[in-house]
Protein chains: 2
Amino acid sequence: MFGPIKRDPTSVYEQVLKQLTAAIMHGDLKPGDKLPSERSLAEMMGVSRTSLREALKMLAAAGMVNIKHGQGVFISEKGSPFNVLIKFAGKVNIDDDTVRDLFELRKLLETQNAVWACQRAENSVIDNLSEIVEQTLNSLNDTKDDLVILARQDSEFHTKLAEATGNKVIVRVMHDLLDLLNDVRCQTLSIPDRPLKSLNEHKEIVEALKSRSVDLVKEKMLVHLNNVEAELLKNR
Amino acid sequence: MFGPIKRDPTSVYEQVLKQLTAAIMHGDLKPGDKLPSERSLAEMMGVSRTSLREALKMLAAAGMVNIKHGQGVFISEKGSPFNVLIKFAGKVNIDDDTVRDLFELRKLLETQNAVWACQRAENSVIDNLSEIVEQTLNSLNDTKDDLVILARQDSEFHTKLAEATGNKVIVRVMHDLLDLLNDVRCQTLSIPDRPLKSLNEHKEIVEALKSRSVDLVKEKMLVHLNNVEAELLKNR
DNA sequence: GGAGATGAATTGTTTGGACCAATTAAAAGA
DNA sequence: TCTTTTAATTGGTCCAAACAATTCATCTCC
């Protein structure tokens, strides 16, 4: 799968980059797959470890791979070759103004997502969303694990909603936008009260979707996002 | 400007990344600025060239810096950590469905941009937009250079409009979205007729902005984008 | 004096090897 | 059987040397 690198026109790390992205795009490397170790992969390609590492760092910056110290390098979930919202998770300080800008974008995208989902989604998709919410409500049992469950539910809810629009580009943008905001949230102290409120607001959004009322869906989503933003900005 | 790196919790290249992005976002490093050479910068920060280079490669992948062999490292124009496009890798073939998805996103973003610009922008900003359009109209003289001028005008117009919203994240997203669509356009045969039509539509949008009519602005923008999309999909 | 060739200095690129640090799994001990 | 220790694997960091592209001062020749 990894032939030797031709040492012709462009630089070595660019060639490595090209070969790796090609492997990902062609499907030889699927999301979740683990790459060979840096040492062996470098040897396979006939390049130095340094050059390989620089290419890997670029892929990591683009969100296409996930580098874990002591474990290995993994292909990112949904690692799309284009329209990746690049971020340096936890490596950039994001000020309040930027958070507001991000939320303004998010409100624009997600209210429209909700509308499109309302107009386009099959009943089964909405039922699936409903199940996610109900399932989370039932699995809560006052343990400290609840926060983890609620965080995952939140991410899953908004992702599923984006998928319900049928627009794959938007799914990708939303995914990365949520990731970025999640990192921001993790930089602050955890908020034990907010997640449960969110879950209830999610429930209201689902109910609005079931009623197929565009205006109601839009309103519920906007209220939800405003609350999340306010809570996040308060604890910084 | 570049103090020594603290060697505490996170990895070295992350620290370098953090310090450099902070310097760029804070304005210490402005677009076009040339960074100190790798050797001296590494010494300033008290890190190895290897770590510094890996951080620089990540910044390059994110489009924040421009690395030129034999010349140096330069801060990119309008560099920010919020990129939609990956700067490396050979051009990806984008199918029609994806183009439609991209345009759906673009319509959502740009109609709202127009609305925000209508509500928020100073008169001087709108006058500036107007000047761009008029200036282009005057500089046309039936030469083959016209296409280049018109292409640049188109990009400048939409970028300025995004800037008029005051949302820096959206500016970045729009910039890269336009870049991506521009690549798509370049993959097709050039369309000699469309650009001039676009210019006139731009003029109509500016007129609508001057009237401060939100509904009119929204409508004009949507018509414009629908035309561009139709023309682009037709020639593929 | 000016155009082109030469070569040194600067800058990013690549390499090999050594060692540090996080993770995992096997081995040893209780 | 469970816990602790150890060793192996993997990414992270550093260094020193050589390679390659670019720039620019200098030299040569017309």
Side-chain angles (χ1 to χ4, degrees), chain A residues 1-20 29 32-76 79 88-91, chain B residues 2-20 29 32-76 79 87-89:
Chain A
M1 195 192 306
F2 298 109
I5 293 289
K6 295 178 183 175
R7 196 71 54 79
D8 308 333
T10 57
S11 53
V12 175
Y13 70 87
E14 281 180 37
Q15 306 259 351
V16 176
L17 208 50
K18 210 161 188 172
Q19 183 157 340
L20 287 175
L29 293 172
D33 280 358
K34 181 182 176 183
L35 265 62
S37 72
E38 290 181 354
R39 291 169 177 82
S40 53
L41 187 51
E43 192 181 9
M44 284 187 225
M45 291 183 165
V47 301
S48 70
R49 215 184 134 204
T50 311
S51 296
L52 171 64
R53 276 178 61 82
E54 290 186 358
L56 288 176
K57 283 288 151 60
M58 297 183 78
L59 287 170
M64 296 182 69
V65 300
N66 206 348
I67 304 177
K68 295 181 182 177
H69 190 168
Q71 302 182 41
V73 180
F74 304 85
I75 307 296
S76 296
F88 303 114
K91 300 163 192 123
Chain B
F2 298 108
I5 294 289
K6 294 178 184 176
R7 195 71 54 80
D8 307 331
T10 57
S11 53
V12 176
Y13 73 87
E14 284 181 13
Q15 307 258 351
V16 176
L17 206 51
K18 203 164 188 171
Q19 184 157 338
L20 287 175
L29 292 173
D33 280 358
K34 181 182 176 182
L35 264 62
S37 72
E38 290 181 355
R39 292 169 177 81
S40 53
L41 187 51
E43 193 180 10
M44 284 187 224
M45 290 182 165
V47 301
S48 70
R49 269 187 80 195
T50 310
S51 297
L52 172 63
R53 277 178 60 81
E54 290 186 356
L56 287 177
K57 283 285 152 59
M58 296 184 77
L59 287 170
M64 296 180 68
V65 300
N66 207 347
I67 304 177
K68 295 180 181 176
H69 190 167
Q71 302 182 43
V73 180
F74 304 85
I75 306 297
S76 297
K87 300 297 178 187
F88 53 79

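In what follows, chains carry the letters A, B, and so on, assigned in the order in which the sequence lines appear, proteins first and then strands, with residues in each chain numbered from 1.
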Please state how far atom [atom1] in [X] lies from atom [atom2] in [N], giving the value in whole angstrom units.
| X | N | atom1 | atom2 | answer |
| --- | --- | --- | --- | --- |
| Lys34(A) | dT23(C) | NZ | C1' | 10 Å |
| Met58(B) | dG12(D) | CE | P | 10 Å |
| Lys68(B) | dT13(C) | NZ | C1' | 17 Å |
| Glu54(A) | dT13(D) | CD | C1' | 13 Å |
| Leu56(B) | dT13(C) | CG | C1' | 13 Å |
| Leu52(B) | dT11(C) | CG | C1' | 13 Å |
| His69(A) | dA22(C) | NE2 | C1' | 4 Å |

ask   = Base, sugar-phosphate, or nothing: which does Thr50(A) touch, judged by heavy atoms less than 4.0 Å apart?
value =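 The answer is base, as Thr50(A) lies within the cut-off (heavy atoms under 4.0 Å) of a base atom.
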request  = For Glu38(B), answer base if it contacts any base atom (sugar-phosphate contacts may also be present), sugar-phosphate if it contacts only those atoms, and nothing otherwise; contact means non-hydrogen atoms under 4.0 Å.
outcome  =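 The answer is base, as Glu38(B) lies within the cut-off (heavy atoms under 4.0 Å) of a base atom.
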message = Looking at the base of dG17(C), is there any donor atom on it, or on the side chain of Arg49(A), that sits under 3.5 Å from an acceptor on the other one?
response =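 No.
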Just to confirm, is there a sub-4.0 Å distance from OP1 or OP2 of [N] to any side-chain nitrogen or oxygen of [X]?
| X | N | answer |
| --- | --- | --- |
| Arg53(A) | dG11(D) | no |
| Ser51(B) | dC14(D) | yes |
| Tyr13(B) | dG12(D) | yes |
| Lys57(A) | dG12(D) | yes |

message = Atom CD of residue position Glu43(B) - does it have more than 12 heavy atoms of other residues, nucleotides or ligands inside 6.0 Å?
response =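 Open: at most 12 neighbouring heavy atoms sit under 6.0 Å from CD of Glu43(B).
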Closest approach to the side chain of [X], judged atom by atom: which nucleotide of [options] is it?
| X | options | value |
| --- | --- | --- |
| Ser48(A) | dT15(C), dG12(C), dT23(C) | dT15(C) |
| Arg39(B) | dG11(D), dT13(D), dA18(D) | dA18(D) |
| Gln71(B) | dT22(D), dG12(D), dA21(D) | dT22(D) |

Donor-acceptor under 3.5 Å (Ser76(B) side chain, Gly63(B) main chain) =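 The answer is yes, because a donor-acceptor pair under 3.5 Å joins these two groups.
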task = Could you tell me which residues satisfy side chain to side chain contact (heavy atoms under 4.5 Å, CB included) with Glu38(A), sequence neighbours excluded, listed by chain and number?
result =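 Testing Glu38(A) for side chain to side chain contact (heavy atoms under 4.5 Å, CB included), a comparison that skips the adjacent residues, returns Arg49(A), Leu52(A), Arg53(A), Leu56(A).
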message = Once side chain to side chain donor-acceptor pair (under 3.5 Å) is applied, do any residues pair with Arg39(B), and if so which ones, sequence neighbours excluded?
response =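 Arg39(B) satisfies side chain to side chain donor-acceptor pair (under 3.5 Å) with no other residue.
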key: Heavy-atom closest contact (Ala55(B) atom, Tyr13(B) atom, distance)   =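 It is CB-O, 3.7 Å.
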